[in-house]
Amino acid sequence: MTKKIPVLVLGAGVVIALIISLASYAFLNKKAQNRFRSQEIVEVAVAGVDMPWGTVLTKVAVKSAPYLRKSLPDGYHLKPADLEGRVLIHPIKANQPIFESSLAPSSIKNGGISAVVTPNKRAMAVKVDNVVGVSGFIYPGNRVDVLVTLKDRADYKNIITKIVLDNVLVLAAGPEVETTGKQEKPTKVDVITLEVTPEEGEKLALAATEGKLQLALRNSGDTAKVTTKGTTIPVLLSGDAPGNVKPAPKVKSSGTQKHAYTVEVIHGNRITNLIFEGGTR
């Protein structure tokens with residue numbers, strides 16, 4: 001009888017441990033479920049594919065995806081159908097929620113550049129080559145400075161290069177096909193569309209007509225205003241700043257010219273130079 005007591009105590013301990021384990025599991029499982037329910041998951045409208053700005057949203061381009069409601073900022077949309085016909089004003093990646101801040105007003109139904117141009121500004125396209133277009137490394141959203149080189153064929157000294165527009169937003173960059181000559185052979189021409197004010201548009205049009213354009217790509221965080229005096233050939237060769245080129249000193253003339261003559265006299269191993277001015281020593 002005494003031998004059975006330890007066995008009974010051991011069995012009772014196992015049963016109690018099993019009951020405690022089951023109760024703890026049930027408690028923790030219920031707590032996890034309550035926590036999961038508190039983090040409500042909602043189906044929101046997201047981009048089905050990568051889309052650039054100016055895209056008109058269609059049923060195929062928008063889909064639903066689950067997101068935690070607490071992780072979403074204000075402005076998200078629940079139903080993809082509500083976004084049909086809206087226009088993007090910012091580029092968006094696939095599976096990224098589409099927020100109201102990324103959309104043009106509902107009144108705008110036409111896509112393209114016109115939907116993303118800032119009010120009171122204009123979109124102007126300029127034709128550039130690979131060099132002017134920084135070898136193809138200019139993309140929508142970049143900011144550039146516009147330089148122009150103006151030439152005076154009558155006087156090379158009047159050739160000047162100057163920054164005429166700075167910190168200009170690039171709306172679009174891409175090739176177009178142009179037909180030139182009688183054979184009408186297609187030639188690729190890069191076209192870059194810039195967002196400018198009406199006054200800047202006038203400068204850009206004149207610069208493109210009268211000179212050669214060059215674009216300088218800016219750092220995305222550099223918004224400083226640039227003001228330069230421009231560079232001319234004399235300035236370029238002298239290394240001085242514009243306006244600081246020193247004129248060559250003028251030599252005053254006395255009205256008469258004196259000629260100097262040098263005579264070399266060799267006396268043994270000694271050489272002597274005798275200088276005569278105006279015929280006198």
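In the hydrophobic clustering of ILVMFWY residues, with side-chain heavy atoms under 4.5 Å counting as a link, V148 and L204 come out together. At a threshold of 4.5 Å between side-chain heavy atoms, the hydrophobic network of Ile, Leu, Val, Met, Phe, Trp and Tyr places V62 and V44 in two separate groups. In this structure, V144 is not a member of the same hydrophobic cluster as V226, with clusters built from ILVMFWY side-chain heavy atoms closer than 4.5 Å. Both V146 and V126 sit in one connected hydrophobic cluster of ILVMFWY residues. Membership requires side-chain heavy atoms under 4.5 Å apart, directly or through other members. In the hydrophobic clustering of ILVMFWY residues, with side-chain heavy atoms under 4.5 Å counting as a link, L215 and L217 come out together.
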key: salt bridge (Lys or Arg N to Asp or Glu O under 4.0 Å) between R143 and E195, intermediate numbers included   = CA-CA 10 Å; R143 289 188 172 272; E195 184 182 69; 5.5 Å; no

inquiry  = side-chain contact (heavy atoms from CB on, under 4.5 Å) for I89 and L103? Distances and angles first, verdict last.
reply    = CA-CA 5 Å; I89 58 174; L103 300 171; 5.8 Å; no

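Here the shortest heavy-atom pairing between D74 and F99 reads O-CD2, 4.1 Å. Counting all heavy atoms, side chain and backbone alike, P140 lies closest to A172 at CG-CA, 3.9 Å. Across all their heavy atoms, I41 and P66 have their closest contact at CG2-CB, 3.7 Å. Nearest heavy atoms, L88 versus M51: CD1-CB, 3.7 Å. Contact record, L57 with L83: CB-O, 3.5 Å, taken as the closest heavy-atom pair. Of all non-hydrogen atoms in L72 and P97, the two that sit nearest each other are CD2-CG, 4.2 Å.
Between the D166 side chain and the D145 main chain, no donor and acceptor come within less than 3.5 Å of each other. Side chain of K59 to main chain of E84: no donor-acceptor pair is present (N/O by atom type, distance under 3.5 Å, no hydrogens or angles). Under the 3.5 Å distance criterion, the side-chain polar atoms of T209 are matched with a main-chain donor or acceptor of A205. Remark: side-chain polar atoms of R218 are not paired, donor with acceptor, to backbone N or O of V168 under 3.5 angstrom. Without hydrogens or angle criteria, R86 side chain to A104 main chain gives a donor-acceptor distance under 3.5 Å.
Atom CG in L147 sits 9.0 Å away from atom OG1 in T231 (nearest 0.5 Å).
The environment of K121 atom NZ is dense: over 12 non-hydrogen atoms of other residues, nucleotides or ligands sit within 6.0 angstrom.
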